[in-house]
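Structure first, then comments.
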4 protein chains.
Amino acid sequence: MSGSITSNKRKSRAASPAAASRRADRAAERRVAIVQAAMDEFIARGFAATRLDDIAKRAGVAKGTIYLHFKDKESMFEELIRTAIVPFVGRLAAPLPAGGSVRDMVEALARMFLQEVAGTRRGDLVRLIIAEGPRFPAIADFYYREVVSRGLAAMRALIQLAITRGEIREPKLAQYPQLMIAPMMVAVLWKSLFERHAPLDAEAMLQAHLDLIFGPRRPT
Amino acid sequence: MSGSITSNKRKSRAASPAAASRRADRAAERRVAIVQAAMDEFIARGFAATRLDDIAKRAGVAKGTIYLHFKDKESMFEELIRTAIVPFVGRLAAPLPAGGSVRDMVEALARMFLQEVAGTRRGDLVRLIIAEGPRFPAIADFYYREVVSRGLAAMRALIQLAITRGEIREPKLAQYPQLMIAPMMVAVLWKSLFERHAPLDAEAMLQAHLDLIFGPRRPT
Amino acid sequence: MSGSITSNKRKSRAASPAAASRRADRAAERRVAIVQAAMDEFIARGFAATRLDDIAKRAGVAKGTIYLHFKDKESMFEELIRTAIVPFVGRLAAPLPAGGSVRDMVEALARMFLQEVAGTRRGDLVRLIIAEGPRFPAIADFYYREVVSRGLAAMRALIQLAITRGEIREPKLAQYPQLMIAPMMVAVLWKSLFERHAPLDAEAMLQAHLDLIFGPRRPT
Amino acid sequence: MSGSITSNKRKSRAASPAAASRRADRAAERRVAIVQAAMDEFIARGFAATRLDDIAKRAGVAKGTIYLHFKDKESMFEELIRTAIVPFVGRLAAPLPAGGSVRDMVEALARMFLQEVAGTRRGDLVRLIIAEGPRFPAIADFYYREVVSRGLAAMRALIQLAITRGEIREPKLAQYPQLMIAPMMVAVLWKSLFERHAPLDAEAMLQAHLDLIFGPRRPT
DNA sequence: AATGAATGAGTTTTCATTCAT
DNA sequence: CATGAATGAAAACTCATTCAT
């Protein structure tokens with residue numbers, strides 16, 4: 001809850017509003033740079049091993065500047081992760097393209113997830129949360145509340161729909177939506193840890209998984 | 001490199017063999033204490049945030065003593081994890097109770113895994129490896145080689161057997177043994193991160209998963 | 001490496017150039033204080049036995065400040081000695097008051113050396129180099145290159161001149177300019193080690209030495 | 001003043017005298033090994049940077065054993081140097097082969113010195129004393145008393161004799177016997193520090209020096 | 001607002017010394 | 001006597017945080 005440099009304190013001695021907002025823009029840019037840099041560093045080294053010095057250098061600002069935007073390293077970390085997660089949550093809640101079969105919907109969702117998360121910085125972020133979660137309960141809580149529980153709820157709704165429509169046979173699946181998501185979790189971690197040992201074709205694995213749940217795709 | 005305090009160097013006409021071995025025993029005990037303590041601390045705080053001081057305190061030894069057993073913090077960490085993983089590998093390779101259906105075998109295996117890993121310190125170890133893997137490639141390599149690739153190979157063999165016997169329909173499963181294991185992975189991480197948010201009945205989830213793969217259990 | 005805090009990096013639209021340079025001045029002053037303190041401590045205790053803590057205390061800065069100026073103890077030591085030697089080299093190369101007899105020139109040089117080196121901190125520096133040279137080959141190299149070889153070359157030139165002019169009889173002296181310098185070396189070490197056991201009149205000894213080489217001074 | 005393990009305390013329960021002396025021999029051998037090893041290490045690294053561990057390893061004894069022979073590192077060092085110097089002093093006092101010219105005597109002496117000191121471990125010992133002298137006044141005192149003052153006195157006597165006999169013209173030399181010795185000092189330090197930069201023919205330099213003092217050698 | 005020099009508490013690591021065996 | 005594991009005080013070095021400019 002530090003942040004928000006953009007707003008308050010416009011007591012500057014009657015500088016032109018234009019000038020003031022230019023300044024504010026600069027500050028906002030700086031903040032973004034810091035956030036980016038910090039994310040990169042935290043992902044690369046974890047919380048404890050990351051040096052504010054390196055963040056500052058990477059962001060192109062002075063070390064002290066970081067403290068104008070964040071109270072301290074810890075709250076920077078927490079705020080950072082929150083900030084990174086939020087836009088993602090929107091996506092989850094948003095679309096539901098409706099229309100076709102549930103399998104198509106799930107597949108679309110999963111594909112999107114694989115493309116935008118597995119093998120990307122966002123995937124590393126997931127790993128980071130897994131790594132630091134126990135030491136940052138606030139983050140684990142937030143992540144559970146905003147991502148996990150919502151994601152599972154959404155998945156559960158889809159499963160239920162599929163059961164109703166007869167696309168899915170196994171009724172217990174609705175109680176364990178984690179089963180739907182598990183392969184994607186594994187794909188994310190695999191990319192982050194073992195891709196260089198043995199590349200994984202996540203999309204193909206996804207198909208196999210969906211075939212397991214929805215039955216093999218009937219050739220049209 | 002470090003280690004082996006217990007053995008060699010009996011070149012001295014030792015006070016008495018008994019005495020020498022008593023000493024060695026004490027040293028070995030100390031080593032075990034250090035390893036235990038270190039594991040606990042590393043699991044609780046991660047590599048970078050763990051203080052050798054705390055390890056020493058928890059192990060009941062002086063700080064310097066740690067350096068009699070390990071070259072430095074880093075190699076202590078690596079050796080530690082290796083040491084912790086090794087006995088586990090044995091278990092993986094060993095049993096194969098044969099006998100009944102493949103499903104029974106897989107179920108037995110999975111149960112064992114859930115009981116001995118999910119929700120235990122060993123589960124936290126898995127999380128630790130996920131967390132520190134990228135910064136300790138040696139560990140990621142070792143873990144992949146000794147655990148992941150072996151586990152997947154074993155699982156693949158079982159799947160193939162099940163396909164041959166007609167227990168499993170979906171033939172693509174053999175290409176993605178990760179699918180078999182994914183729910184267990186998720187269970188382990190869940191216990192470590194979200195158990196307090198929403199307890200997970202891993203065994204029941206496992207059953208649902210197996211029903212998905214092998215078809216619902218036919219009531220005898 | 002290290003050093004150069006004083007200069008570069010004025011990329012920031014600095015609060016005010018004056019302010020910036022005032023800061024830089026302060027930093028430069030601090031650096032000088034550290035160098036002074038370090039030199040004193042190293043001379044007093046040698047490299048290994050000198051504590052950075054003491055240097056910091058003596059310089060009136062915090063321990064961390066030292067690391068803003070030097071990479072580590074070792075490179076501080078090496079840089080220090082280089083820095084201390086350089087201004088001296090200038091002197092060696094510079095004067096050659098020409099004019100009178102070679103003996104007068106040599107005498108002037110030697111006197112200068114005795115006054116500015118023997119019994120001063122600079123003399124102790126020579127002792128320090130002798131002491132640490134073998135463990136700091138870079139320093140021994142530097143010292144040989146910048147001081148010893150130049151000094152001997154200069155001396156050899158003077159000797160040759162003196163031989164040409166007939167001031168010196170012994171022609172082999174030109175091959176061993178060390179002979180010219182040896183008594184000064186001894187004087188320096190004597191002051192540093194045995195002055196309290198038996199004071200040495202270095203100037204008188206120098207006269208005796210010059211008489212040996214140039215023949216006794218003819219009373220004008 | 002620690003040491004002397006060889007003697008006292010023969011209260012051992014009536015073991016055969018032979019056995020006792022065998023033990024004593026072993027202890028004496030050990031002591032010698034420690035002294036040797038310590039000397040090597042101290043010469044190579046200086047007092048502060050030398051580890052007792054390394055000395056023990058090199059001597060082939062346990063670290064604790066060192067403390068059976070020496071009170072602590074410091075007194076080991078002091079005693080060591082004393083022990084190493086003593087036999088040398090004997091040599092200085094002893095010979096005086098008399099007979100020939102003073103020049104011959106001095107030359108013999110100097111040759112012996114160059115051969116046995118310059119470029120040998122004994123030469124490094126001299127450097128060690130120069131290096132550590134200021135931090136070990138006891139050693140500087142001892143060295144001055146036993147070596148320097150005696151050596152200079154002997155040299156002075158020879159010079160006086162040479163003056164009486166007319167071999168040396170310059171009468172002031174007797175007041176500065178250091179002048180006689182200076183080139184040898186320089187040779188010792190040169191070998192230790194700069195031999196690899198520029199080899200020095202110490203014997204030839206000595207001849208040039210003696211020619212300077214005694215006049216050029218008349219070809220027989 | 002922004003800077004980056006300065007700080008000093010906190011960490012890892014070393015090593016002389018002790019002492020139970 | 002000899003050993004070498006154990007100790008813990010001491011040293012080098014790091015880095016989050018502050019604050020004068």
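Proteins come first, then strands; the chains are lettered A, B, ... in the order of their sequence lines, and each starts at number 1.
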Here the residues of residues 56-66 of chain C within 4.0 Å heavy-atom distance, strictly under, of DNA chain E are Val61(C), Ala62(C), Lys63(C), Gly64(C), Thr65(C)

Whole-Å distance, Leu52(B) CG to dT7(F) C1', equals 16 Å

Between CD1 of Ile55(D) and P of dT17(E) the distance, given in whole Å, is 11 Å

Across all chains, not counting sequence neighbours, the side chain to side chain donor-acceptor pair (under 3.5 Å) partners of Asp54(D) are Arg51(D)

Taken to the nearest whole Å, CG/Asp53(A) to P/dT3(E) is 13 Å

Strictly below 4.0 Å: does Arg30(D) bring a side-chain N or O up to OP1 or OP2 of dT3(F)? yes

Contacts of Glu74(C) and Arg26(B) projected onto DNA chain F by closest heavy atom; the upstream (5') one is Arg26(B)

Applying side chain to side chain donor-acceptor pair (under 3.5 Å) to Arg135(C) and not counting sequence neighbours gives Glu132(C)

The reported gap from CD in Glu74(D) to CD in Glu79(D) (rounded to nearest 0.5 angstrom) is 13.0 Å

Sequence neighbours excluded, the answer for side chain to side chain donor-acceptor pair (under 3.5 Å) partners of Glu78(D) is none

Asp25(C) CG to dA20(F) P, in whole Å, measures 19 Å

Pairing string of DNA chain F (Watson-Crick or G-U wobble, both atom distances under 3.5 Å; | = paired to other strand) is .||||||||||||||||||||

So, does His69(B) get its side chain near the phosphate of dA5(F), meaning an N or O under 4.0 Å from OP1 or OP2?
no

Lys73(D) NZ to dT17(E) P, in whole Å, measures 8 Å

Sorted by chain and number, sequence neighbours left out, side chain to side chain contact (heavy atoms under 4.5 Å, CB included) with Ala48(B) holds for Ala48(A), Ala49(A)

Contacts of Ser75(C) meeting side chain to side chain donor-acceptor pair (under 3.5 Å) (sequence neighbours excluded), chain-then-number -> Asp72(C)

When rounded to whole Å, the NZ to P distance for the pair Lys71(D) and dT17(E) reads 8 Å

Separation of dA16(E) atom P from Tyr67(B) atom OH, nearest Å, is 17 Å

Whole-Å distance, Phe70(A) CZ to dT18(F) C1', equals 18 Å

Whichever of Phe47(D) and Ala48(B) has the more 5' nearest nucleotide on DNA chain E, that residue is Ala48(B)

Taking dA16(E), dA5(E), dA2(E) as options, the one with an atom nearest any side-chain atom of Leu68(C) is dA5(E)

Sorted by chain and number, sequence neighbours left out, ring-ring contact (aromatic ring centres under 6.0 Å, His included) with Phe77(D) holds for Phe42(D), Phe47(D), Phe136(D)

With a cut-off of less than 4.0 Å, is there a side-chain N or O of Arg51(A) near OP1 or OP2 of dT17(F)? no

Q: Side-chain contact test, heavy atoms from C-beta onward, threshold under 4.5 Å: evaluate it for Leu52(D) versus Met76(D) and give yes or no.
A: yes

Hits for salt bridge (Lys or Arg N to Asp or Glu O under 4.0 Å) against Lys73(B), two or more places apart or cross-chain, chain-then-number order -> none

